[in-house]
Amino acid sequence: MFEIRKCEESDIPAVGAFYNALIYHLLQRINYPKWMYEIYPYESFVQEDVASHCQYACYDAGQVCGAFVLNEDPEGSYERGKWRQHLEEGQYQVIHAFGVDYHRNRQGIGSRMLRYCIHLAQIQGYCAIRLDVVPGNTPARKLYEKLGFLYAGEVDLDRGYASFPTFALYELNFS
């Protein structure tokens with residue numbers, strides 16, 4: 001039985017190790033999200049996000065099988081997006097560092113975590129969920145689109161990444 005929950009300090013080592021193992025695996029194959037081993041996402045980011053009460057993990061039988069961050073911070077120039085609904089920061093939540101255990105692909109974990117994010121944002125009164133993804137991250141884009149997220153353009157978010165300066169933006173509006 002899957003359990004998705006907000007992380008506490010005691011979860012930091014397991015979630016940090018989850019991200020490291022996932023990134024190491026991606027580097028051996030295709031690193032769709034362009035994550036950097038022991039740089040991002042990394043245990044220090046998990047620690048910060050736990051302290052900010054926005055790091056979540058999906059557990060199955062006591063093992064982390066997925067993780068994500070859900071907060072109000074777009075971490076860049078989201079105003080450049082071609083959004084269908086004009087919203088100010090604070091009116092929507094943003095998903096970051098969304099990852100699923102590579103051993104567990106195609107078991108519905110990603111869909112369950114996205115549905116959890118949608119439900120949480122709705123019951124907390126947000127108007128939408130937004131996210132950004134490296135344009136070449138086809139598996140993630142297909143998942144978001146499958147669950148109703150709409151493409152909102154590809155833009156430079158001023159994050160300073162020379163190797164992938166633009167991001168594909170997605171939104172799911174609730175009204």
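We find the NE2-CD1 distance between H103 and I109 to be 12.0 Å, quoted to the nearest 0.5 Å. Remark: Q85 CD to S175 OG distance equals 4.5 Å, nearest 0.5 Å. Distance check, rounded to the nearest 0.5 Å: SG of C127 to CG of L172 gives 12.0 Å.
With contacts defined as side-chain heavy-atom distances shorter than 4.5 Å, the pair F167/V134 qualifies. At least one side-chain heavy atom of L143 sits under 4.5 Å from a side-chain heavy atom of F98.
A search for side-chain hydrogen bond (donor to acceptor under 3.5 Å, both in side chains) contacts involving Y170 returns R141, E145, not counting sequence neighbours. H25 meets the side-chain hydrogen bond (donor to acceptor under 3.5 Å, both in side chains) test with R29; sequence neighbours excluded.
Using a 4.0 Å cut-off between charged side-chain N and carboxylate O, D11 and R5 make a salt bridge.
Under the ring-ring contact (aromatic ring centres under 6.0 Å, His included) test applied with F68, the options Y56, F18, Y19 reduce to a single match, Y56. Here the rule is side-chain contact (heavy atoms from CB on, under 4.5 Å) with D132, and of L169, N137, I95 only L169 fits it.
Contact between L131 and V94 at its shortest, heavy atoms only, is CA-CG1, 4.4 Å. Nearest approach of Y151 to A168, heavy atoms of both residues: CE1-CB, 3.9 Å. Of all non-hydrogen atoms in P74 and R159, the two that sit nearest each other are O-NH2, 2.9 Å. In terms of heavy-atom proximity, L22 sits nearest to G99 at CD2-CA, 3.9 Å. Residues E171 and A152 come closest through the heavy atom pair OE2-CB, 4.2 Å. A pairwise comparison of heavy atoms in V15 and A57 identifies CG2-CB, 3.9 Å as the closest pair.
Transitive grouping of hydrophobic side chains (ILVMFWY, heavy atoms separated by less than 4.5 Å) brings Y144 and V100 into a common cluster. In the hydrophobic clustering of ILVMFWY residues, with side-chain heavy atoms under 4.5 Å counting as a link, V155 and I129 come out apart. Under the 4.5 Å side-chain heavy-atom criterion for Ile, Leu, Val, Met, Phe, Trp and Tyr, Y59 and L70 are members of distinct hydrophobic clusters. Using a 4.5 Å cut-off between side-chain heavy atoms of Ile, Leu, Val, Met, Phe, Trp and Tyr, with links allowed through other members, F174 and I123 fall into the same hydrophobic cluster. L120 and Y126 fall into different hydrophobic clusters, where Ile, Leu, Val, Met, Phe, Trp and Tyr residues are linked whenever their side-chain heavy atoms come under 4.5 Å apart, directly or through other members.
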Q: Verify side-chain contact (heavy atoms from CB on, under 4.5 Å) between C65 and F2, making sure each step is shown before the conclusion.
A: CA-CA 9 Å; C65 60; F2 296 106; 3.8 Å; yes
Q: Could you walk me through whether R80 and D158 pass the side-chain contact (heavy atoms from CB on, under 4.5 Å) test, one step at a time?
A: CA-CA 10 Å; R80 294 181 178 171; D158 289 326; 2.9 Å; yes
Q) Can F45 and V69 be said to form a side-chain contact (heavy atoms from CB on, under 4.5 Å), step by step? A) CA-CA 10 Å; F45 286 95; V69 172; over 6 Å; no
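No donor-acceptor contact under 3.5 angstrom links the side chains of D156 and T166, judged on distance only. Residues N173 and Y92 bring no donor and acceptor atom of their side chains to less than 3.5 Å of each other.
Applying the side-chain hydrogen bond (donor to acceptor under 3.5 Å, both in side chains) test to every pair with at least one member in residues 43-53, sequence neighbours left out, gives no pairs at all. Pairs passing the salt bridge (Lys or Arg N to Asp or Glu O under 4.0 Å) check and including a residue from residues 61-71, sequence neighbours excluded, do not occur. Counting only residues at least two apart or on different chains, the salt bridge (Lys or Arg N to Asp or Glu O under 4.0 Å) pairs with a member in residues 55-72 are D60-R104. Among pairs with a residue in residues 108-125, those fulfilling side-chain hydrogen bond (donor to acceptor under 3.5 Å, both in side chains) read S111-K146, at least two apart in sequence or across chains.
In this structure, E8 places its CD atom where only 12 or fewer heavy-atom neighbours from other residues, nucleotides or ligands lie under 6.0 Å away. Under a cut-off of 6.0 angstrom, the local environment of OH in Y24 is sparse, with at most 12 non-hydrogen atoms contributed by other residues, nucleotides or ligands. The number of heavy-atom neighbours closer than 6.0 Å to CD of Q63, taken from other residues, nucleotides and ligands shown, is 12 or below.
With W83 contributing its side chain and Y78 its backbone, the two residues share a donor-acceptor pair below 3.5 Å.
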